[in-house]
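In what follows, chains carry the letters A, B, and so on, assigned in the order in which the sequence lines appear, proteins first and then strands, with residues in each chain numbered from 1.
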There are 2 protein chains.
Amino acid sequence: MNFEEKTVHSKKIYDGKVINLQLDEVTLPNGKTSSREIVKHPGAVAVIAVTENNKVIFVKQYRKALEKTLVEIPAGKMEKDEPPELTAVRELEEETGYTTEHLSFVTSFYTSPGFADEIIYLYETNQLKLLEEKKALDEDEFVELLELSLTEAEELVRDQQIHDAKTAFAIQYLKSKGMK
Amino acid sequence: MNFEEKTVHSKKIYDGKVINLQLDEVTLPNGKTSSREIVKHPGAVAVIAVTENNKVIFVKQYRKALEKTLVEIPAGKMEKDEPPELTAVRELEEETGYTTEHLSFVTSFYTSPGFADEIIYLYETNQLKLLEEKKALDEDEFVELLELSLTEAEELVRDQQIHDAKTAFAIQYLKSKGMK
């Protein structure tokens, strides 16, 4: 079945630093019209990074949208025209002080297909090297590094300190691969 | 470490049908100020529903934000003051024609903590009953029901027909529980 919704009219509501908002008037499959609120996002990359001691690397950061501090896997927005592999290494370096030359693609997914086009490209590595000099974070970014066993990470899930989709996926992924 | 960002000023940009957008001016941990674009969302519920034949229930629907048809686990927004368990049963009934009296809570997660407060409450059931009469969908909602083995679902992941965070999580979750 084809449920495509054709755009009758698209109106830019807001043009921001991270996101844009547009309101589309669409024709539904039954011929009626409706409106769709759509957040445009540049896309992001996240990295499942496992140390040689079998610890997973996380960053702790304040999330204003939630008014809460969360523990997440390293991640960040793609710059314009930046290939996701480069974003992955850049964010890993900036947020954790580690780098890698061995990154494997795991999967990608849209985070909120009902109202946003944000996609996350997920990579993994277990070949990390400490950088000799730390890279600078974005000037409005403040993070703290954590290295946790999978069991410790699952405790943070129960405690809701780990509470976002990409990190929840990463933990299930490592579990389903047999990591202890 | 406390990286809390205090709100200096909050401005409502858009008040929509599904989402609101606000722009917060905040004080950063280093004393500087920055702005945060924040999408407010009512929250959603999703259901991992497994039939007695060991198939997982999915719905196929067009997602305007992506201009694409996706295959996802049944899900929907919470109505104001609606407990998530009720949303879960309501969405299961409306989207799939099944109901259940046995729903277990799996986990919850924020989908896009960088710019939105959307939370998804995830439930599971393997005790489904077909409704005698189908419930009506929202008037702007069109979905098609699919019942797939986990192996078939994983093919749709590779094919990017399954391509959203909650469904990707659900599949990893079922795998890590040993479902074939």
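Of the atoms belonging to T69(B), not a single heavy atom falls under 4.5 Å from chain A. With a threshold of 4.5 angstrom between heavy atoms, I171(B) does not approach chain A through any atom at all. No part of I120(B) comes within reach of chain A, as not one of its non-hydrogen atoms sits under 4.5 angstrom from that chain. Heavy atoms closer than 4.5 Å to chain A are found nowhere in K177(B), neither backbone nor side chain. Interface residue E118(B): only side-chain heavy atoms are found under 4.5 Å from chain A.
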Please test T111(A) against T111(B) for side-chain hydrogen bond (donor to acceptor under 3.5 Å, both in side chains), starting from the C-alpha separation and ending with a verdict. CA-CA 5 Å; T111(A) 53; T111(B) 54; 5.4 Å; no
Please step through side-chain hydrogen bond (donor to acceptor under 3.5 Å, both in side chains) for the pair T7(B) and K64(A), ending with a clear verdict. CA-CA 9 Å; T7(B) 307; K64(A) 186 62 188 173; 2.6 Å; yes
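Options V143(A), T107(A), L66(A) differ in how many heavy-atom pairs under 4.5 Å they form with chain B, and the most are formed by L66(A). By number of non-hydrogen pairs under 4.5 angstrom with chain B, the leading residue of K175(A), E37(A), E4(A), K166(A) is E37(A). Taking chain A as the reference chain and counting heavy-atom pairs below 4.5 Å, the highest number among A168(B), A44(B), G178(B) is found for A168(B). In terms of non-hydrogen atom pairs under 4.5 Å with chain B, the most contact-rich of E144(A), E67(A), K77(A) is E144(A). The residue among V39(A), T33(A), V157(A), N30(A) with the most heavy atom pairs within less than 4.5 Å of chain B is N30(A). With chain B as partner, the option from K40(A), R158(A), K60(A), H41(A) having the largest number of non-hydrogen pairs under 4.5 angstrom is H41(A). Contact count versus chain B (heavy atoms, under 4.5 Å) is highest, among T167(A), I38(A), D140(A), L28(A), for D140(A).
In this structure, L156(A) is not a member of the same hydrophobic cluster as V59(A), with clusters built from ILVMFWY side-chain heavy atoms closer than 4.5 Å. The cluster map of Ile, Leu, Val, Met, Phe, Trp and Tyr, joined by side-chain heavy atoms under 4.5 Å apart, puts F109(B) and I119(B) in different clusters. In terms of hydrophobic clustering, with Ile, Leu, Val, Met, Phe, Trp and Tyr side chains grouped at heavy-atom distances under 4.5 Å, Y123(A) and Y98(A) are assigned to a common cluster. Taking hydrophobic clusters as Ile, Leu, Val, Met, Phe, Trp and Tyr residues chained together by side-chain heavy-atom distances below 4.5 Å, V47(B) shares a cluster with Y121(B). In the hydrophobic clustering of ILVMFWY residues, with side-chain heavy atoms under 4.5 Å counting as a link, I57(B) and V45(B) come out together.
In this structure, the separation between CG on N2(A) and OH on Y62(B) is 8.5 Å, given to the nearest 0.5 Å. We find the CD-NZ distance between E139(A) and K32(B) to be 6.0 Å, quoted to the nearest 0.5 Å.
Closest of all the heavy-atom pairs between F3(B) and F142(A) is CD1-O, 3.4 Å. For the pair P113(A) and A65(B), the tightest heavy-atom approach, listed with the atom from each and the gap, is O-CB, 3.8 Å.
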Review item, side-chain donor-acceptor pairs of residues 14-22 of chain A, under 3.5 Å, at least two apart:
| unit_1 | atom_1 | unit_2 | atom_2 | d |
| --- | --- | --- | --- | --- |
| K17(A) | NZ | S34(B) | OG | 3.4 |
| K17(A) | NZ | S35(B) | O | 2.8 |
| N20(A) | OD1 | G16(A) | N | 3.1 |
| Q22(A) | NE2 | D24(A) | OD1 | 3.1 |
| Q22(A) | NE2 | D24(A) | OD2 | 3.4 |

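Using bins of under 30°, 30° to 60° and over 60° for the plane-to-plane angle, the ring pair H163(B)/Y110(A) lands in the perpendicular bin.
Applying the 6.0 Å contact sphere to NZ of K68(A) captures more than 12 heavy atoms from other residues, nucleotides or ligands.
R63(A) has no carboxylate O lying under 4.0 Å from a charged side-chain N of D117(B), or vice versa, which leaves the two without a salt bridge.
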